Visitor: 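Sharing a structure below in structure tokens format, with a few things to ask.
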Amino acid sequence: MKSEPITFSISHLKKLKRSGWEGVRNYQARNFMRDEMKKDDLVFFYHSNCDIPAIVGLMRVYKESHPDPTQFEKESEYYDPLATKENPRWFMVGLEFVVEFKEAISLQQIKNQIDLQNLQLVKKGSRLSVHPVPDKEAKIILKMAGLN
DNA sequence: GCCAACGTTGGC
DNA sequence: GCCAACGTTGGC
């Protein structure tokens with residue numbers, strides 16, 4: 001999952017311990033959260049749109065898909081006038097902090113890794129902020145992070 | 001700040 | 001249903 005660190009970084013999550021992943025307003029990303037993410041799944045935290053785009057740590061799903069409350073809040077930048085409580089459009093999962101990597105794994109490093117070229121992240125033009133990471137790739141990333 | 005790639009909107 | 005125009009993402 002991607003987040004701009006200026007908005008919400010792994011340090012924020014570390015401090016909060018747990019947080020809802022609110023503000024996703026892309027259908028494909030929503031569908032992954034709503035349909036694929038299960039309790040206790042591990043999730044990579046990626047910092048996007050910053051000095052060194054990188055995978056910076058791990059989170060875990062503690063709460064499966066539920067409506068993103070910010071879609072109902074008029075004052076929120078994520079407000080969606082077309083969403084109703086009876087028929088919400090946007091969903092999110094709850095995530096808890098697991099670990100911050102001692103050394104972040106930069107996008108450059110990922111691009112240099114021949115075995116990681118199938119990751120959505122490195123596919124040209126991929127902007128999807130939520131997407132699955134297959135086991136094979138996940139293991140490689142964890143190894144790069146010094147975890148097993 | 002630039003811009004390629006992608007997603008969404010809305011007229012027709 | 002097509003597609004041009006526009007908006008957003010995100011690396012560089």
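These numbers come from a predicted model, not from an experiment. The sequence lines fix the lettering, A, B, ..., with proteins before strands; numbering per chain opens at 1.
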Visitor: Please tell me if the side chains of A/H131 and A/L121 come closer than 4.5 Å, counting only heavy atoms from C-beta onward.
Guide: yes
Visitor: Ignoring the backbone of A/Y27, work out which of C/dG10, B/dT8, C/dC12 is nearest its side chain.
Guide: B/dT8
Visitor: Tell me the interatomic distance from A/K111, atom NZ, to C/dG10, atom C1', rounded to whole angstroms.
Guide: 10 Å
Visitor: Please report the distance, rounded to the nearest Å, between CZ in A/R25 and P in B/dG7.
Guide: 18 Å
Visitor: Decide, yes or no, whether a salt bridge links A/R25 with A/D68 under the criterion of side-chain N to carboxylate O below 4.0 Å.
Guide: yes
Visitor: Nearest-Å distance, CZ (A/R127) to C1' (B/dC6)?
Guide: 4 Å
Visitor: With distance as the sole criterion, is a donor-acceptor pair present between the side chains of A/R127 and A/S48 under 3.5 Å?
Guide: no
Visitor: In this structure, how many angstroms lie between the P atom of C/dG11 and the CD atom of A/Q109, rounded?
Guide: 15 Å
Visitor: Salt-bridge test for A/R60 and A/E96: reply yes if a basic N is under 4.0 Å from a carboxylate O, no otherwise.
Guide: yes
Visitor: Over all strands shown, is A/K123 touching base, sugar-phosphate only, or nothing at heavy-atom distances under 4.0 angstrom?
Guide: nothing
Visitor: Would you kindly give the NZ-to-C1' distance between A/K124 and C/dT9, to the nearest whole Å?
Guide: 16 Å
Visitor: Ignoring backbone atoms, test whether A/K2 places a side-chain nitrogen or oxygen under 4.0 Å from the OP1 or OP2 oxygen of C/dG10.
Guide: yes
Visitor: Look at all strands and tell whether A/E4 reaches a base, only sugar-phosphate, or nothing, counting heavy atoms closer than 4.0 Å.
Guide: nothing
Visitor: If you check the A/Y46 side chain, which of C/dT8, C/dG10, C/dG11 turns out closest?
Guide: C/dG11
Visitor: Measure the distance from NE2 on A/H131 to C1' on C/dG10 and round it to the nearest whole Å.
Guide: 13 Å
Visitor: Whole angstroms only, please: what is the CG-P distance between A/N49 and B/dG1?
Guide: 13 Å
Visitor: May I have the distance from A/H47 (atom NE2) to C/dG11 (atom P), rounded to whole angstrom?
Guide: 12 Å
